[in-house]
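Here the structure comes first, spelled out in structure tokens, and everything after it is commentary.
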Amino acid sequence: MFYKIKEELTEKVQACLAATFGVTPEQYRVVIQYPTRTEFGDFSLTFPFELARILRQAPAKTAATFIEAFRPPDEVARVDVAGGGYVNVHLDRRRILLRLLDCLVAGRLWLPFHAEPEKVIVEHTNINPNKAAHIGHLRNAVLGDSLVRLMRFTGRTVEVQNYIDNTGVQVADVVVGFRYLEKLSLEKIRRIPDRFDYYCWDLYARVAKFYEESAENLRLRQQTLQEIEAGDGETAAIAHEVSTRMVHCHLDTMARLGVTYDVLPRESDILDLKFWEAAFARLRQTRAIVFEEEGPNAGCWVMKYERDGQADVKIIVRSNGTVTYTGKDIAYQLWKLGLLDRDFHYEPFRRLDDGHVVWITSATPTDRGGADVPPFGGGDTVYNVIDVRQSYTQNVVYEGVRRLGYEAAAERSIHFAYEMVALSPRCAVELGFELSEEERERSHVEVSGRRGLGVKADDLLDLLEEKALDEVRSRNADMAAEQQQVIAHQIAVGALRYFMVKFTRNSLIVFDFEDALSFEGETGPYLQYSAVRAGNILRKYLDRYAMTREELDAAWRSYTPDHVPELPEDVWELLGTLLKFRDLAQAALTGQEIATFARNLYALSQKFSNFYNRHQIIGEENSDWRNLLLAIVVIYYEKMKRGLEILGIPVPERM
RNA sequence: GCGCUCGUAGCUCAAUCGGAUAGAGCAUCGGCCUUCUAAGCCGAGGGUUGCAGGUUCGAGUCCUGCCGAGCGUGCCA
């Protein structure tokens with residue numbers, strides 16, 4: 001409802017500017033802002049300032065002339081000028097409230113966004129399948145998953161991909177560990193008990209040291225890599241076992257957070273199905289990449305380009321004929337965009353409790369496990385959630401797409417970049433790592449799989465659950481242990497997910513246990529708590545007054561224009577924020593920033609907490625006013641549940 | 001060297017295309033539980049938005065220079 005008023009207002013202002021001042025939309029496009037303070041009304045317009053030059057007139061005079069001529073939408077109570085030229089629009093609070101009650105009763109609090117025909121692909125997580133997930137991976141997955149939820153909420157069709165680099169050096173390293181350090185056969189590796197990902201985490205760090213011992217050791221890496229790529233023998237079988245089992249570990253970890261995927265494209269399948277060869281032929285043909293006859297890169301296929309007047313090259317095919325990661329990524333990106341005339345085969349990898357099937361690619365046709373394969377790939381827009389350090393490479397990939405003539409597709413290939421999660425030196429020391437003097441001096445140290453330096457995702461979740469369980473027990477001693485466990489888990493998820501999205505994307509997170517384990521202040525549990533309280537009020541209200549929901553609806557329906565209490569400032573402020581909810585989701589999407597949405601949701605729950613403390617609802621004696629206050633609680637509850645859903649944060653029954 | 005990102009309260013971060021008095025949390029101090037859950041609320045202190053210029057009706061935000069930080073710039077992935 002609110003956004004419709006906003007749209008109508010925008011149109012009417014635009015029309016009025018044209019009629020009164022002869023200003024066309026091309027000259028000036030009306031933008032509505034939200035004032036910083038409630039006394040400035042509900043909407044604010046700044047055009048008098050911006051038109052000062054065009055109209056050669058003082059902003060205050062323009063504003064006055066405008067108000068004289070302007071006929072606002074019906075829901076507007078008054079329009080006034082403030083601050084020397086701001087045009088402030090004040091809504092008719094009673095009228096808005098009545099309409100809102102209508103919506104509430106009719107169950108139309110949610111007008112769905114219109115469905116977008118385009119298909120969006122979001123690729124995230126992408127953890128090398130050779131060790132346990134850590135906090136850096138959590139940021140990626142939570143950011144990606146929230147983006148997916150936000151886009152689905154706003155009407156997009158989204159496909160979630162999680163790329164599995166099962167033939168890369170990282171997997172090879174662990175295989176080297178198993179074969180040459182542990183000297184284990186495939187059979188013995190299979191019998192390693194859980195947690196397999198933790199086992200490999202340690203092994204991977206040992207291999208890094210092993211390489212440093214001699215050049216001969218390091219040669220094993222190359223040899224192993226080649227054996228994996230060749231695809232047969234014990235080495236390849238071990239690599240397959242390690243990566244497949246590891247993907248299960250990662251999916252288990254992410255499932256704890258409510259993160260799921262649609263399809264898992266595997267690098268080995270990209271190689272086997274010759275995606276690169278198909279892309280290479282076209283890149284050569286269009287001279288997007290060229291062969292270097294001489295110079296330092298003689299024998300390589302490179303992409304040449306100019307950046308800020310400087311000539312630069314990126315090697316795509318090495319002089320030994322092997323393809324770089326960037327090259328493979330161009331082919332894969334083309335497939336994601338539906339521009340490569342090849343496709344994978346697919347088989348079910350996992351079936352979730354809700355019936356959702358997670359598919360994995362295959363190089364050969366399979367029986368598909370009796371399920372229908374959805375049409376994967378072919379996205380109109382592709383978001384790649386990858387940390388900011390890969391910006392350069394990502395740009396090269398998109399440039400490759402562009403040079404094949406797909407300008408629009410390149411434009412719709414989006415590197416959804418974010419800064420990394422690092423550790424504070426203090427945190428690293430707490431974890432038992434030895435830091436160099438230089439590292440101790442720094443503000444942060446990078447998480448390093450090779451050093452085994454980092455906080456594992458499951459460890460952090462375990463810690464959060466443990467702490468949450470203590471809190472739940474102390475507050476709900478009578479609750480069944482099983483339910484306590486469920487709620488502790490929900491709180492842990494809330495805390496972790498909120499923590500991962502409260503920072504803007506380009507802010508480096510310096511991880512610290514104290515902040516991450518907090519349940520107070522700007523945290524997930526704060527948001528959950530306020531929603532739980534709202535839910536409690538509704539439940540207890542119906543109980544206390546022995547009302548059914550139908551009777552409540554009838555009570556809400558009974559208000560008439562001359563029979564609605566005037567809303568005090570603080571209540572209107574909460575309601576006003578609630579009304580903007582749809583805008584908040586839209587703004588986060590437009591600004592490509594999940595943190596915007598998360599923080600706005602937090603600000604909303606702050607307003608509710610304030611409201612909760614200031615007003616007695618169940619105890620209110622005036623039943624008209626009481627029912628109205630309850631309506632606001634219910635509206636808050638409904639919107640908050642949606643908002644938290646977008647962030648993947650569950651709402652517990654009790655807290 | 002070049003490129004990207006950034007520098008905001010003691011600390012960690014926000015700030016809607018450039019908009020009105022720069023806001024939150026943590027920490028500190030002071031209040032509020034016989035009343036819908038104190039994981040909460042109210043209040044106080046805390047700022048020359050790194051420095052110097054410029055553009056603008058208006059600059060934390062845009063431009064230039066300087067100082068400082070992080071990342072990138074591999075025939076690694």
Side-chain angles (χ1 to χ4, degrees), chain A residues 29 31 33-37 39-40 44 46 48-50 52-53 58-59 82-86 88 128 165 168-170 267 296-302 307-308 310 312 314-320 322 324-326 328-329 387-393 417 419-420 422 442-444 446 468 471-472 474-476 491 495 502-504 506-510 512 514-515 518-526 528-530 532-534 536-541 544 583-584 587-588 590-591 593 595-596 599-600 602-603 606 609-620 630 633 654-655:
Chain A
R29 184 158 292 278
V31 176
Q33 297 180 355
Y34 296 119
T36 47
R37 295 157 67 188
E39 65 193 84
F40 294 147
S44 160
T46 57
F49 296 105
E50 301 173 58
R53 182 153 291 184
Y86 288 93
N88 292 329
N128 267 304
D165 184 5
V169 288
Q170 294 214 21
E267 182 168 80
N297 300 325
C300 298
W301 287 88
V302 303
R307 198 170 54 174
D308 303 298
Q310 297 250 325
D312 216 337
K314 177 70 191 172
I315 291 165
I316 304 298
V317 182
R318 302 183 189 98
S319 55
N320 68 5
T322 58
T324 60
Y325 173 82
T326 309
K328 281 182 270 191
D329 209 16
D387 82 71
V388 71
R389 289 175 292 187
Q390 293 196 46
S391 303
Y392 171 74
T393 321
E419 262 291 354
M420 60 180 175
R442 293 164 64 102
S443 62
H444 58 88
E446 197 175 334
E471 300 282 342
V472 173
S474 71
R475 287 153 220 257
N476 303 281
I491 292 169
K502 72 190 276 196
F503 303 94
T504 53
N506 64 15
S507 173
L508 175 81
I509 299 179
V510 181
D512 201 271
E514 196 178 324
D515 295 335
S518 172
F519 295 159
E520 287 166 18
E522 198 197 338
T523 64
Y526 179 101
Q528 293 172 309
Y529 188 57
S530 79
V532 168
R533 281 173 147 186
N536 282 348
I537 293 175
L538 173 62
R539 204 182 54 242
K540 292 193 175 178
Y541 192 102
R544 163 78 183 274
D583 244 36
L584 302 185
T590 309
E593 189 63 85
T596 306
R599 284 174 167 276
N600 278 320
Y602 171 67
Q606 269 184 316
S609 295
N610 175 298
F611 168 84
Y612 179 92
N613 277 276
R614 202 183 298 228
H615 301 275
Q616 267 301 311
I617 292 134
I618 294 178
E620 170 60 41
L630 183 67
V633 170
R654 289 166 63 186
M655 270 180 85

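Note on naming: letters A, B, ... go to the chains in the order of the sequence lines (proteins, then strands), and numbering restarts at 1 for each one.
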Item checked: ring pair (Phe, Tyr, Trp, His ring centres under 6.0 Å) against Tyr612(A), all qualifying residues, sequence neighbours excluded -> none
Notebook entry, point to check: Could you state the CZ-C1' distance from Arg29(A) to G18(B), rounded to the nearest angstrom?
Noted result: 19 Å
Next item on the list: Check side chain to side chain donor-acceptor pair (under 3.5 Å) between Thr322(A) and all other residues, then give those that pass, not counting sequence neighbours.
Entry: Arg318(A), Asn320(A)
Check: Among all residues two or more places apart in sequence or in another chain, which pass the ring pair (Phe, Tyr, Trp, His ring centres under 6.0 Å) test with Phe49(A)?
Finding: Tyr86(A)
Checklist line | Asn536(A) side chain near C36(B) phosphate (N/O to OP1/OP2, under 4.0 Å) | finding: no
Notebook entry, point to check: Hey, does the side chain of Arg539(A) come within less than 4.0 Å of U37(B)'s phosphate (OP1/OP2), counting only N and O?
Noted result: no
Margin query: Going by side chain to side chain donor-acceptor pair (under 3.5 Å), name the residues that satisfy it together with His444(A), two or more places apart in sequence or in a different chain.
Written below: none
Notebook entry, point to check: For Glu471(A), what residues pass the side chain to side chain donor-acceptor pair (under 3.5 Å) criterion, not counting sequence neighbours?
Noted result: Arg475(A)
Margin query: At less than 3.5 Å, do the side-chain atoms of Asn88(A) and the base atoms of A20(B) form a donor-acceptor pair?
Written below: yes
Next item on the list: Could you please name the option among C75(B), U37(B), A39(B) that lies closest to any side-chain atom of Ile315(A)?
Entry: C75(B)
Item checked: Residues which pass side chain to side chain donor-acceptor pair (under 3.5 Å) with Asn536(A), listed by chain and number, not counting sequence neighbours -> Arg539(A)
Check: Do any side-chain nitrogens or oxygens of Tyr529(A) fall under 4.0 Å of OP1 or OP2 in A39(B)?
Finding: yes
Margin query: With hydrogens left out and only the distance checked, is there a donor-acceptor pair under 3.5 Å joining Ser44(A)'s side chain and the base of A20(B)?
Written below: yes
Next item on the list: Would you mind classifying the nucleic acid contact of Asp512(A) as base, sugar-phosphate or nothing, using non-hydrogen atoms under 4.0 angstrom?
Entry: nothing
Next item on the list: Respond yes when some side-chain nitrogen or oxygen of Arg318(A) is under 4.0 Å from OP1 or OP2 of A77(B), and no when none is.
Entry: yes
Checklist line | Val169(A), nearest nucleotide to its side chain (from A77(B), A39(B), G25(B)) | finding: A77(B)
Check: Out of U37(B), A20(B), G19(B), which nucleotide sits closest to the side chain of Pro35(A)?
Finding: A20(B)
Please tabulate the protein-to-nucleotide N/O contacts below 3.5 Å involving nucleotides 5-15 of chain B, giving atom names and distances.
residue	atom	partner	partner atom	Å
U5(B)	O3'	Asn506(A)	ND2	3.4
C6(B)	OP1	Asn506(A)	ND2	3.1
C13(B)	OP1	Leu508(A)	O	3.0
C13(B)	O2'	Arg599(A)	NH2	2.3
A14(B)	OP1	Thr504(A)	N	3.0
A14(B)	OP1	Thr504(A)	OG1	2.1

Next item on the list: Indicate, with a heavy-atom threshold strictly under 4.0 Å, whether Ala298(A) touches base, sugar-phosphate, or nothing.
Entry: base
Next item on the list: Go through the side-chain N and O atoms of Tyr529(A) and Ser609(A) and say whether any donor and acceptor fall under 3.5 Å apart.
Entry: no
Next item on the list: Mind calculating the distance between NE2 (His615(A)) and P (C32(B)) to the nearest angstrom?
Entry: 22 Å
Margin query: Just to verify, what does Ser319(A) make a side-chain contact (heavy atoms from CB on, under 4.5 Å) with, not counting sequence neighbours?
Written below: Cys300(A)
Notebook entry, point to check: Can you tell me which stems RNA chain B forms when a stem means 3 or more consecutive Watson-Crick or G-U pairs under 3.5 Å?
Noted result: B:1-7 with B:67-73, B:10-13 with B:23-26, B:28-32 with B:40-44, B:50-54 with B:62-66
Check: Does Asn128(A) have a side-chain nitrogen or oxygen under 4.0 Å from the phosphate oxygens OP1 or OP2 of A77(B)?
Finding: no
Note to self: Please enumerate all residues that pass side-chain contact (heavy atoms from CB on, under 4.5 Å) together with Asp512(A), with sequence neighbours excluded.
What the structure shows: Ser424(A), Arg426(A), Glu514(A), Asp515(A)
Check: So does Tyr526(A) reach the base of G25(B) with its side chain, donor to acceptor, closer than 3.5 Å?
Finding: no
Next item on the list: Please list, chain by chain and in numerical order, all residues satisfying side-chain contact (heavy atoms from CB on, under 4.5 Å) with Tyr541(A), sequence neighbours excluded.
Entry: Tyr545(A), Met547(A), Leu552(A), Ile617(A), Ile618(A), Arg626(A), Asn627(A), Leu630(A)
Margin query: I want to verify a distance call: between A39(B), A77(B), C41(B), whose nearest atom is closest to the Ile491(A) side chain?
Written below: A39(B)
Item checked: C41(B) OP1/OP2 closer than 4.0 Å to side-chain N/O of Arg614(A) -> no
Check: Glu520(A) side chain: which of G70(B), C26(B), A77(B) is closest?
Finding: C26(B)
Report each atom pair, protein N/O against N/O of nucleotides 56-59 of chain B, whose distance is under 3.5 angstrom.
residue	atom	partner	partner atom	Å
C57(B)	OP1	Arg53(A)	NH2	2.9

Notebook entry, point to check: Looking at Gly84(A) and Pro59(A), what are the two nearest heavy atoms and their distance?
Noted result: O-CB, 3.5 Å
Check: Between Glu514(A) (CD) and C26(B) (C1'), how many Å, whole number?
Finding: 8 Å
Check: A39(B), U37(B), A77(B): which one has an atom nearest the side-chain heavy atoms of Thr324(A)?
Finding: A77(B)
Note to self: Between Asn610(A) and Gln606(A) (side chain of the first, backbone of the second, donor and acceptor by atom type, cut-off under 3.5 Å), is there such a pair?
What the structure shows: no
